[in-house]
Protein chains: 2
Amino acid sequence: MTVDAETALAHAPPGHKDELRLWLRLLTCTTLIEGEIRSRLRRDFDTTLPRFDLLAALDRAPEGLTLGDVSRRMMVSNGNVTGLAARLEVEGLVERRARPGDRRAQLLRLTAKGRREFARQSAAHEGWIAELLAGVTAVERGALFRLLGHTKISVRNALPPEPSA
Amino acid sequence: MTVDAETALAHAPPGHKDELRLWLRLLTCTTLIEGEIRSRLRRDFDTTLPRFDLLAALDRAPEGLTLGDVSRRMMVSNGNVTGLAARLEVEGLVERRARPGDRRAQLLRLTAKGRREFARQSAAHEGWIAELLAGVTAVERGALFRLLGHTKISVRNALPPEPSA
DNA sequence: GCGATATAGTTTAGGCTTCAACTATTGGGG
DNA sequence: CCCCAATAGTTGAAGCCTAAACTATATCGC
């Protein structure tokens, strides 16, 4: 009976507390880990997470990335990268050079110093993450990875489509 | 043989790429959801996530919270709450009053306007989260919730102990 | 070629965030 | 009572971040 279905729906719990609690827990986990990583980056390397992330992006692209590439990969705004890159350039970790054939764009690359510095930071970083996740078994990590993959897809599908890259 | 164990360890993959990939995926999920929530809060209510979070904390504590309470619940610094509360006070959503018997502390409470406003925002927020997580089944959500619980414990155990509240 | 549109990047204003230094108050121990 | 440590909150400097407005260059369609 349609009435039953409708009634069932009308009487269903009006809220989505379930999803909300999941989101809050997801956020808590991320906040805890991220805060600790930020704190250790500052303590051990006198740097910040955004700086580290930018170096990481460049480290994976030896041929260099434009500011726009970086902005898309880091999921941050364009203007953000401008300032970040400027600071890293002052510190001598990153260099800009023109992209041949396009006078609008410029390629960002790690300097030798930048590569050295990132290698140190990245090794420590990897250890920190392993340390923080040490209480999660390999099986659980596998399950989490898979479930978060579904979550990512769910969110992406619900998002307004980006201007196709 | 001890040699075998040691050898196995020495020959184990030196990295923890596995944990790293899990962390990056966790971060991506959180960043995607959080970014969308920020964007909708701005679009529909002309407000921000930190403001919303502060209202949410106060909504759950009708008797009021000190700035320090809020700072601990939101896991942000003390000075951060000072500015946040000041802005919300200007907007008339929050009010301060002295805590009887302690001239250092002040209680933060929602005004009537603040309660009204938060009710609107919070209903929308709950719907957004449900919408973004619609592609994750109830069973998966349950599993995620449990696994993230383990993760939270793992991280907390690896963290330096806080000055016991 | 040329005009419309899109892309690359910068700038500005404003808010968020932390850390460290600071003021004020409270609560002990001598 | 008085000093000292702890607690509550504020302030200032610096960096991170976004949206929106802007400049410059590239590209497409005619």
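Residue numbers start from 1 in every chain, and the chains themselves are labelled A, B, ... in the order their sequence lines are given, proteins ahead of strands.
- Under the 4.5 Å side-chain criterion, counting only non-hydrogen atoms from C-beta, A:Trp128 is not in contact with A:Leu133.
- For A:Arg103 and D:dT27, the CZ to P distance is 11 Å, given to the nearest whole Å.
- The separation between A:Arg43 atom CZ and C:dT18 atom P is 18 Å, rounded to whole Å.
- Side-chain to base pairing of B:Arg104 with D:dT7: one donor and one acceptor N or O lie within less than 3.5 Å of each other.
- Across the protein-nucleic acid pair, A:Glu34 atom CD and C:dT18 atom P stand 11 Å apart, rounded to whole Å.
- In this structure, A:Gln106 does not reach the C:dT7 phosphate: none of its side-chain N or O atoms is under 4.0 Å from OP1 or OP2.
- The salt bridge (Lys or Arg N to Asp or Glu O under 4.0 Å) search around A:Arg43 returns none, not counting sequence neighbours.
- Linking ILVMFWY side-chain heavy atoms closer than 4.5 Å, directly or via other members, places A:Leu65 and A:Leu107 in two distinct hydrophobic clusters.
- Taking five base pairs at each end of the helix from C:dG1-D:dC30 to C:dG30-D:dC1, the local helix axes there meet at an angle of 10°, rounded to 10°.
- Going from atom CG of A:Leu49 over to atom P of C:dT18 covers 13 Å, rounded to whole Å.
- Placement of A:Leu20 and B:Met75 within a single hydrophobic cluster is found when ILVMFWY residues are connected by side-chain heavy-atom separations under 4.5 Å, directly or transitively.
- To the nearest angstrom, P of C:dC19 lies 14 Å from CZ of A:Arg40.
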Practice task
Starting at the 5' end of nucleotides 11-21 of chain D, put B wherever the base has a protein heavy atom under 4.0 Å, S where only the sugar-phosphate does, and a dash everywhere else.
Solution key: B---SSSBS--

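- When hydrophobic clusters are built by joining Ile, Leu, Val, Met, Phe, Trp and Tyr residues whose side-chain heavy atoms come closer than 4.5 Å, directly or via intermediates, B:Leu26 is grouped together with B:Leu24.
- Residue A:Asp69 contributes atom CG, which lies 13 Å from atom C1' of C:dG9 at whole-angstrom precision.
- Looking only at atom types and distance, the side chain of A:Asn157 has no donor-acceptor partner in the side chain of A:Ser154 under 3.5 Å away.
- With contacts defined as side-chain heavy-atom distances shorter than 4.5 Å, the pair B:Gln121/B:Thr47 qualifies.
- The CG atom of A:Asp102 sits 11 Å away from the C1' atom of C:dG9 (whole-angstrom rounding).
- Within 4.0 Å (heavy atoms only), A:Arg96 reaches sugar-phosphate atoms of the nucleic acid but no base atom.
- At a threshold of 4.5 Å between side-chain heavy atoms, the hydrophobic network of Ile, Leu, Val, Met, Phe, Trp and Tyr places A:Trp23 and A:Leu159 in one connected group.
- In this structure, A:Arg120 forms no cation-pi arrangement with A:Phe45, as its terminal cationic atom is not both closer than 6.0 Å to the ring centre and no more than 45° off the ring axis.
- Here D:dA8 presents its C1' atom at 8 Å from CZ of B:Arg99, a figure rounded to the nearest Å.
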